[in-house]
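The structure displayed is predicted, hence computed values, not measured ones.
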Amino acid sequence: MSSFFTDLALQYIDGEWRPGKGSWDIIDFNPYDGEKLASITVATAGEVDQAYRAAERAQRGWADTNAYERRAVMEKALRVVEEREAEIAEAIVAELGGTRLKAAFELHLAKEFLREAVQLALRPTGEILPSPVEGKENRVHRVPVGVVGVISPFNFPFLLSLKSVAPALALGNAVVLKPHQNTPVCGGTLLAKVFEEAGLPAGLLNVVVTDIAEIGDALLEHPVPQLISFTGSDKVGRHVATVCAAHLKRAVLELGGNSALIVLDDADIDYAVDAAVFSRYVHQGQVCMAANRILVDRAVEEEFTEKFVAKVASLRVGDPADPATHIGPLINSSQADAVSKIVDRTVEEGATALLHGRADGNLVSPSVLTGIPAGSPVLHEEIFGPVALLVPFDGEDEAVRIANDTPYGLSGAVHTGNIERGVRVGRRIHTGMIHINDGTVHDEPVVPFGGEKNSGLGRLNGDATLEAFTTQKWISVQHGRSRFPF
């Protein structure tokens, strides 16, 4: 496995694997045992420029390439992932501390999104619109936006990089990808290797492993990219949006969440418990769609709480490479410390810890908090770790009020014995996605994915992806002769 990472510990610019020219290295660590996986010298602003210029040159011919040829590259990329699936899964476990279950989940979705990219290559169509001018024909073409900058996160790096990179390429764009510095391989250079093996022409996908400390806003401000696709925190997302707006660039922002899973008084409690535990603790809670807040009707609060705490207490914390492990390490020590401080602070404010998780290195055992004071900051912020907040309510109206009392609006769920009741409640929640009688963590290739409020701008998946990575061009043809007033 170590050679796997060292072989990919390079920049990938214009079809060439080469070391960065920066003055310092990003060290890629295994978050579970601290093993050094690789050392990558950062790319400079000059190398970012080289990557964008290579993308700009290559994109012109790629946009003119027959869509069936672009589709063939996506098909080959899918085969490469399928053939190397076991190796990629091992990399996910090692680089980001994902459990075996999480790695399988991420790879399943990655393959589904590649299958959708295969179809997207043929989706752009044109239309002819009528004109009030005699003899004129209006043709509207859907064309690539050009060069796309992609910035991906550490939690689902392979999937969330691929989710923008593959459709952008399939639709005739070129891409410069910057992965998160904690997952430079799974979120970056691994994708470059996949598409290189799939026969993607040089220059169309460039991967720069670097940091804002080295390049500042060069990735955002550069004149070449017309669109920035960013997935990450709302704090950084605001900055990305501000810089893009100042430079008149389009931005698609997939940001954080503070999702509520609502358990109504007629819910199947055992099933709701299973859904809530998965929704909160999958990948150690490092998921933007995770159910931070679990809202439970007081009529079923006691039964739900007892069963929920018992199930959470049974979760196994430890080595993510062990198939029996449910909760592996957080991505780094800063994140582990931050989560522990949130729990301690909330208990000091008056909350009750039904389970009080402790940190052991980057491993943080699960916490369950209840009796949280109404004004506690924890109710309004995103917790990227294994901490569940149990919040009681009386009736649907109060559940809706509490669910909406957050600056975020990404995902959510409603559990009830009456589906239409659940839909009615779900429609009142100000969120981009809501799931009835299910968990909060879902992503499907053809369904619009995105949030409201501080959870992002725009949508991806299906038709939304087509809209995001293409633009429309009007070409009129005058078959006769127009009359001009002078």
Apply salt bridge (charged side-chain N to carboxylate O under 4.0 Å, His left out) to residues K193 and D7 and explain how you reach the verdict.
CA-CA 10 Å; K193 188 65 175 176; D7 289 348; over 6 Å; no
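- R293 places a side-chain N or O within donor-acceptor distance of the main-chain N or O of A403, the cut-off being under 3.5 Å.
- Contact between Y52 and V224 at its shortest, heavy atoms only, is O-CG1, 3.7 Å.
- For the residue pair N404 and K453, the shortest heavy atom distance occurs at O-NZ, 3.3 Å.
- Salt bridge status for E420 with R424: absent, with no side-chain N to carboxylate O gap under 4.0 Å.
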Take D25 and T41 through the test side chain to side chain donor-acceptor pair (under 3.5 Å) and record every step on the way to the result.
CA-CA 4 Å; D25 293 349; T41 303; 2.8 Å; yes
Report task. Begin with the C-alpha distance, continue with both residues' side-chain angles, and end with the deciding distance and a verdict on side chain to side chain donor-acceptor pair (under 3.5 Å) for N155 and Q286. Result -> CA-CA 6 Å; N155 56 343; Q286 299 175 121; over 6 Å; no
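- Between the OG1 atom in T183 and the CZ atom in F154 there is a gap of 8.0 Å [rounded to 0.5 Å].
- Under the 4.0 Å criterion applied to side-chain N and carboxylate O atoms, R115 and E82 are assigned as salt-bridge partners.
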Evaluate the side-chain contact (heavy atoms from CB on, under 4.5 Å) criterion for residues N461 and K163: first the C-alpha distance (whole Å), next the side-chain angles of each, then the deciding distance (0.1 Å), finally the verdict. CA-CA 8 Å; N461 301 0; K163 187 176 174 179; 2.9 Å; yes
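- When atom types are taken as modelled, the side chain of T440 and the backbone of M289 share a donor-acceptor pair closer than 3.5 angstrom.
- Here the closest non-hydrogen pair linking G97 and P320 is O-CB, 3.6 Å.
- Looking at E254, E452, E467 one by one, the single match for salt bridge (Lys or Arg N to Asp or Glu O under 4.0 Å) with R459 turns out to be E452.
- The existence of a salt bridge linking D397 and R428 is confirmed by a sub-4.0 Å separation between a basic side-chain nitrogen and an acidic carboxylate oxygen.
- In this model, a donor atom of one side chain and an acceptor atom of the other lie less than 3.5 Å apart for R238 and N454.
- The residues K136 and E134 are annotated as not salt-bridged, no charged nitrogen and carboxylate oxygen being separated by less than 4.0 angstrom.
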Atom pairs and distances, side-chain donor-acceptor, residues 119-127, under 3.5 Å, sequence neighbours left out:
| from | atom 1 | to | atom 2 | distance (Å) |
| --- | --- | --- | --- | --- |
| R123 | NH2 | D463 | OD1 | 2.2 |

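- Shown here is I27, whose CD1 atom has more than 12 heavy atoms of other residues, nucleotides or ligands within 6.0 Å.
- The closest donor-acceptor contact from the side chain of N173 to the backbone of V148 lies at 3.5 Å or more, if one exists at all.
- Remark: side-chain polar atoms of Q335 are paired, donor with acceptor, to backbone N or O of F384 under 3.5 angstrom.
- N182 places no side-chain N or O within 3.5 Å of a backbone atom of N332 that could act as its donor or acceptor partner.
- In this structure, W17 and Y12 have tilted ring planes: the angle between them lies in the 30° to 60° band.
- One N or O on the side chain of N206 and one on the backbone of G203 form a donor-acceptor pair closer than 3.5 Å.
- Pairing each heavy atom of P31 with each of A94, the nearest pair is CD-O, 3.4 Å.
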| query | Could you go step by step and tell me if V208 and V176 meet the side-chain contact (heavy atoms from CB on, under 4.5 Å) rule? | reply | CA-CA 7 Å; V208 288; V176 173; 4.0 Å; yes
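- Within the model, atoms OG1 of T6 and CG of D28 stand 11.0 Å from one another, a figure rounded to the nearest 0.5 Å.
- Remark: E90 CD to R84 CZ distance equals 13.0 Å, nearest 0.5 Å.
- Of all non-hydrogen atoms in L460 and S164, the two that sit nearest each other are CD1-OG, 3.9 Å.
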Derivation of the side chain to side chain donor-acceptor pair (under 3.5 Å) call for Q478 and S482:
CA-CA 7 Å; Q478 176 54 281; S482 291; 2.8 Å; yes
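- The backbone N or O of G409 sits less than 3.5 Å from a side-chain atom of S455, completing a donor-acceptor pair.
- Within the 3.5 Å criterion, the main-chain N or O of L220 finds no donor-acceptor partner in the side chain of D217.
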*asked:* Quick one, L295 with V263, criterion side-chain contact (heavy atoms from CB on, under 4.5 Å). Give me CA distance, side-chain angles, the key distance, then yes/no.
replied: CA-CA 6 Å; L295 281 48; V263 182; over 6 Å; no
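- Remark: E197 does not engage R79 in a salt bridge, criterion side-chain N to carboxylate O under 4.0 Å.
- Rounded to the nearest 0.5 angstrom, I40 CD1 and W24 CH2 are separated by 11.0 Å.
- Here the side chain of Q181 pairs no donor or acceptor atom with the backbone of T210 at under 3.5 angstrom.
- Side-chain atoms of R142 and T470 form a donor-acceptor pair, as typed in the model, at a separation below 3.5 Å.
- Judged by distance alone, with hydrogens and angles left aside, the side-chain atoms of H283 form no donor-acceptor pair with the main-chain N or O of G285 at under 3.5 Å.
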| request: Determine, step by step, whether Y271 and N437 satisfy the side chain to side chain donor-acceptor pair (under 3.5 Å) criterion, reporting the C-alpha distance in whole Å, the side-chain angles of both residues, the deciding distance to 0.1 Å, and the verdict. | output: CA-CA 8 Å; Y271 177 65; N437 290 339; over 6 Å; no
- May I have the step-by-step check of side-chain contact (heavy atoms from CB on, under 4.5 Å) for L389 and V378, ending in yes or no? CA-CA 9 Å; L389 311 178; V378 77; 4.0 Å; yes
Considering only distance and modelled atom types, tabulate donor-acceptor pairs under 3.5 Å from the side chains of residues 42-51, sequence neighbours left out.
| from | atom 1 | to | atom 2 | distance (Å) |
| --- | --- | --- | --- | --- |
| T44 | OG1 | G46 | N | 3.4 |
| T44 | OG1 | E47 | N | 3.2 |
| T44 | OG1 | E47 | OE1 | 3.3 |
| E47 | OE1 | K21 | N | 3.0 |
| E47 | OE1 | T44 | N | 2.8 |
| E47 | OE2 | K21 | N | 3.3 |
| D49 | OD1 | R53 | NE | 3.2 |
| D49 | OD1 | H222 | NE2 | 2.7 |
| Q50 | OE1 | R18 | NH2 | 2.2 |

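- What you find for A198 and V80 is that their closest heavy atoms are N-CG2, 4.4 Å.
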